[in-house]
Amino acid sequence: GTTDAGAGTVNIDSSKAGSTIVDDREESTRIIGNNVVLKAGAGIGGAAGSPDNLQTTAANITAAVTGAGAIYLNDNRAAGTTLASVITQNGAIAITPAGPTLVPSAISRNGPASNSISIATTSGDLSVNTIDASAGGDISLNAAGSILGAVANNLVLGNTLTAVAGGSIGSAASPGNGAGGIAPRTNLGALGTLSTAADGAVIVVNNIGTRALRPNRGNIQQSGANSSVYLTTAGDLDASGGMSNTAANLLLSSGGKLALASAGVQGNGTITLNASTAATQTAGALVANQLLLKNAGNFTLNQAGNNVG
């Protein structure tokens, strides 16, 4: 049945080894409180997609699994939810909030790909401080609004990041170079789909890890007009698969090698390219209203085909 603490706190502790917290499988019942605190020894919410997934209505959620086990939660508070601390020792995390969501901390301490972290809002923005799936776990973020860094030193750590936003991914105050906002700070092994839908949307990602990333027009998707992409990484950046040629502005910045597509790179505004060690473009053209090359001595370009307004 429903547990309703009103503006108070619900605290459920089932942390004995092997113990779980699961839903009663009644669609109409929920755990309701300003603060909902959950602790279990072997899982919260059963298995992915099962009727055991726990249903809450909470302004603040703290959830921890002390042994092997996952966390599966569905929260329907339309005014928004803060995932104050969500931690598994060896298990996946999947949470579907109904409203704007702040994530101070979501951590899966062991990182095989199966120990993924998924957070999907059905309305509003998703703002991230720390999401940590270790180096091997995949991360999926989905927001009806934008996916934002909650603070400048936010961190998203994992293997592959998939982020789908109705608005933007990150923020930028300066459209020419993507500066002035807050980018999601990542440490990733790969880029999954990064997708925005709104006109004028931006994708701003600052990857502080050194694992090589491979953005291309297949995984960087922007359906809105006048959208821009700003990708910065401390390692190699291989964009040889090609980027969209309809971006308003494009920044590709590599702390290592930068590889560009043989078909060239095209943007309607400013293209900024930066490579700390070497950059190559063997064919095609660089077409932009303004082209900025940083560490220009590291570039080997197909100069004859380039067209800069």
Hey, could you give me the [atom1]/[atom2] distance between [X] and [Y], rounded to the nearest 0.5 Å?
| X | Y | atom1 | atom2 | value |
| --- | --- | --- | --- | --- |
| E27 | Q55 | CD | CD | 4.5 Å |
| N187 | R211 | CG | CZ | 5.0 Å |
| L258 | S276 | CG | OG | 10.0 Å |
| I271 | S228 | CD1 | OG | 11.0 Å |
| I61 | T82 | CD1 | OG1 | 9.0 Å |
| S134 | N110 | OG | CG | 6.0 Å |

| message | List the residues meeting side chain to side chain donor-acceptor pair (under 3.5 Å) with D199, not counting sequence neighbours, and say none if there are none. | response | none
| Qualifying residues under side chain to side chain donor-acceptor pair (under 3.5 Å), relative to N90, sequence neighbours excluded | N115
| query | Does Y230 reach the side chain of N177, with side-chain heavy atoms less than 4.5 Å apart? | reply | no
| Quick one: are N53 and D23 in side-chain contact, heavy atoms under 4.5 Å? | no
| What's the shortest heavy-atom distance between P100 and A78, and which atoms? |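 In terms of heavy atoms, the two residues are closest at CD-O, 3.6 Å.
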Could you list the donor-acceptor pairs under 3.5 angstrom formed by side chains in residues 149-160, with sequence neighbours left out?
residue : atom : partner : partner atom : Å
N154    : OD1  : R185    : N            : 2.8
N154    : ND2  : V151    : O            : 2.8
N154    : ND2  : A183    : O            : 3.2
N159    : ND2  : D138    : OD1          : 3.2

